[in-house]
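To start, the structure under review is shown below, and the notes come after it.
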There are 2 protein chains.
Amino acid sequence: MASRQKTSRKAAGTKAAIRRPQARAANGRAQSGDTGDDIGLDALVGHAGYAVRRFQLWIFQDFIKTLATVDIRPTQYSVMTVVGANPGLSQMAVAKRLGIERARLVHLLDSLEERDFVSRIASATDRRSHALHLTARGRTALAQFKRLAAEHERHVAEKIGKENRERLLQILACFT
Amino acid sequence: MASRQKTSRKAAGTKAAIRRPQARAANGRAQSGDTGDDIGLDALVGHAGYAVRRFQLWIFQDFIKTLATVDIRPTQYSVMTVVGANPGLSQMAVAKRLGIERARLVHLLDSLEERDFVSRIASATDRRSHALHLTARGRTALAQFKRLAAEHERHVAEKIGKENRERLLQILACFT
DNA sequence: ATCAATTGTTGTCGTCAACAACAATCTTTC
DNA sequence: GAAAGATTGTTGTTGACGACAACAATTGAT
């Protein structure tokens, strides 16, 4: 135990030993055989943020796994989808539409351009901005991505139920 | 434009100029007055992940803003809530229950212990593990946090509707 | 007694949001 | 038409966060 005590664990052992008086002796639970399933969450249940965080974690992992063969992540997919549906958009417009910072979009487009999915074309009307387009390769690739994304969406429907998924989309439509 | 061209922008200007032939002349949209509201999302609408991402972004920002006066973030709140409802839990049990990695929980508890909200007490039965408890200060603090969190939850209800919020919680209950 | 598993910890890596600065360029205003 | 202000793409930094991999201390099983 030497290393754990002498290293930088600021106050774990020490403080705890001092503050003992008020330490309620672990109300019946303590560290017995906690499988992690019988632990109450108290106020946490009923918090939308907590449920959404867990859900988003699950849904992103499934998306990444389902599109692992093509190595496309959710944000990259969203960028290509928007650009594909609206060719010629500026980076600013895409960033604003997707709720991404334009600073972040720079790197996203760098990688997508390296893979020859997207191209930044100098705008004719505004020499500051770039008109974004899918390349020919990007268009055929996006078609495949959409098939895989649809498969991912089926996973979601299996997980929470087909009608629940649609209800969810309807509830959250104001954020898209 | 010197710096933008000569610096490390790998292929923006150069490549784009070369790949010109196939560049469809921006189908009517181009870079006119894009306010960002009239941009189609195509397949993106209908993707649960996208809607959930945007929602989680909003909900976390509101949570952080609503609890800014006490400087508590969502994850910190979830830890204190679970520990408060289940005193004596080990770090492993808390991490598993909340879907946090135990490596990450270490830092979370470090900060909460520095602020005297939580204390790690050496377990009597297992000298490896720590029994987690709220301090007296932590208990009174958590009570205030819960009031502020309830206010945040009201913001959510205002945003998506009271009944929609409850429907949402019901749909995502399997993830909590 | 020995070997595998567990617990807390440290460290690294990559993703992501949030800011702040900057050069180039556009737009407005006088 | 020139100066002032706003916009666009870019670079950089910061911090929260998830994922992994190691490690020492300890426990439990063989």
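Just so it is clear, the model here is predicted, and its values are computed rather than measured. Worth knowing before you read on, the calculation uses all heavy atoms, side chains too, and leaves out hydrogens, waters and symmetry mates. Proteins get letters first, then strands, A, B, ... in listed order; numbering begins at 1 in each.
- Shown here are the side-chain hydrogen bond (donor to acceptor under 3.5 Å, both in side chains) partners of Arg165(A), two or more places apart in sequence or in another chain: Glu153(A).
- Between Phe63(A) and Tyr77(A), the distance from one ring center to the other falls under 6.0 angstrom.
- For the pair Lys96(B) NZ and dT7(C) C1', the interatomic distance rounds to 11 Å; values are reported in whole Å.
- Distance CD1 (Ile64(B)) to P (dT14(D)): 20 Å, rounded to an integer number of Å.
- If you measure from atom CD1 of Ile100(B) to atom P of dG8(C), you get 13 Å, rounded to the nearest angstrom.
- Rounded to an integer number of Å, the gap from NE2 of His130(B) to C1' of dA25(D) is 11 Å.
- Spacing between atom CG of Leu89(B) and atom C1' of dG8(C) amounts to 15 Å, rounded to whole angstrom units.
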Check: protein-nucleotides 26-28 of chain C nitrogen or oxygen pairs below 3.5 Å:
from    : atom 1 : to        : atom 2 : distance (Å)
dC26(C) : OP1    : Arg127(A) : N      : 3.0

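- Between the CG atom of Leu109(B) and the C1' atom of dG8(C) there is a distance of 10 Å, rounded to whole Å.
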Protein-nucleotides 18-22 of chain C N/O pairs under 3.5 Å:
from    : atom 1 : to        : atom 2 : distance (Å)
dA18(C) : OP1    : Gln61(B)  : NE2    : 2.0
dA18(C) : N9     : Glu101(A) : OE2    : 3.3
dA18(C) : N7     : Glu101(A) : OE1    : 3.3
dA18(C) : N7     : Glu101(A) : OE2    : 2.8
dC19(C) : N4     : Glu101(A) : OE1    : 3.4

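- With rounding to whole Å, Arg54(B) atom CZ is found 14 Å from dC16(C) atom C1'.
- Each of Leu98(B), Val94(B), Val118(B), Thr75(B) was scored for a side chain to side chain contact (heavy atoms under 4.5 Å, CB included) with Leu108(B), with one residue passing: Thr75(B).
- Checked against a 6.0 Å centroid threshold, the rings of Phe117(A) and Phe145(A) count as neighbours.
- In this entry the distance linking CZ of Phe60(A) with P of dC16(C) reads 8 Å, nearest Å.
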